[in-house]
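Structure, as structure tokens:
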Amino acid sequence: MSERFELATIGEIVAGNARAAEVFEEFGIDFCCGGRRSLAEACQRAAVDQGAVVRALEGVARPRPAQDGDDAARWPLDRLIDHIVEMHHGYVRRALPVIARRLERLEQSHGERHRELARVVNLFRELGIELTQHMMKEEQVLFPYIRELVELEQQGCEVHQSPFGTVENPIRMMEREHREMADALRTIRELTGGYDVPADGCITYELSMADLARFERDLHRHVHLENNVLFPAATALEQQRGEAEEA
Ligand SMILES: [Fe+2]
Ligand SMILES: [Fe+2]
């Protein structure tokens, strides 16, 4: 295996090159919640040929014109938080009601012949409630605390006692919720045969499946930026500030 990928985790590979996310998606490798796994371990879990994955990763290693957010893994944490809230939380808030309404219409017209749609509608509705609460916790509790850590670092000040002990506590909770939400979307993907439009599917069917596929893709990138970039950096920053206090 190429040495470049041998020692890195899946999350680190995507943090180093945003296009690696497309490769992992293509091979069904979980790069957000499973971001701490090595490439070998992840390939084994997804039952895919590691050599083929490495060749595909090498293929996307070539530079291409930069897109917004590609280098988010190297941004200061406050800018990264702005990006997550504006791009990902913003998208989720806009997309949730549109997709939910369209799925309900789809179920009304095709539910007789496609029984799985009733479950898809319910799973998506529950996911919407969970995700809305989850983003609120991040925006009202966790992200403001991380912004405070960034400010303390800039001012060279020590860390205050946070209301939740250490930042690792809310992070653990957010990571667990990420896993649950990714699992719900995986179930939706499986129920729809990989967002497949059946032969008797109409335009609403096509739009709904395309919406769901885009929603899942966005959630993977969103969770990747939190689990593999923001959270480890916030943990390290809190530890540094704690040490500054002891010194
Ligand atoms: Fe988030
Ligand atoms: Fe999150």
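When a ligand or atom number is given, it counts from 1 through the structure's own listing order. In this text the structure is predicted, and so the values were computed from the model without any measurement.
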Specify whether an N/O/S atom of His222 falls short of 2.8 Å from the Fe ion (ligand 1).
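It does; at least one qualifying atom falls short of 2.8 Å.
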Of all the N, O or S atoms in His89, which one sits nearest to the Fe ion (ligand 1)?
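Restricting His89 to its N, O and S atoms, the minimum distance to the Fe ion (ligand 1) goes to NE2.
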N/O/S atom name from Glu138 that is nearest to the position of the Fe ion (ligand 1):
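Of the nitrogen, oxygen and sulfur atoms in Glu138, the Fe ion (ligand 1) lies nearest to OE1.
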Rounded distance [0.5 Å steps], CZ in Arg36 versus OG1 in Thr9
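Between Arg36 CZ and Thr9 OG1, I get 9.0 Å after rounding to 0.5 Å.
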If you count every heavy atom of other residues, nucleotides or ligands that lies below 6.0 Å from Gln155 atom CD, does the total exceed 12?
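Yes.
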Looking at Gln44, I want to see if its CD is surrounded by more than 12 non-hydrogen atoms of other residues, nucleotides or ligands under 6.0 Å.
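Count not over threshold, so no.
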Report whether any nitrogen, oxygen or sulfur of His178 sits less than 2.8 Å from the Fe ion (ligand 2) (N, O or S, backbone or side chain).
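So His178 counts as coordinating the Fe ion (ligand 2), yes.
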Should the ring pair His178 and Phe231 be called parallel, tilted or perpendicular, given that the plane angle runs from 0 to 90° and is split at 30 and 60?
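Taking Phe231 first and then His178, their aromatic rings lie parallel (interplane angle under 30°).
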Considering just N/O/S atoms, say which atom of Glu226 is closest to the Fe ion (ligand 2).
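This turns out to be OE1.
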Ring centres under 6.0 angstrom apart (His222, Tyr91):
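No, ring centres 6.0 Å or more apart.
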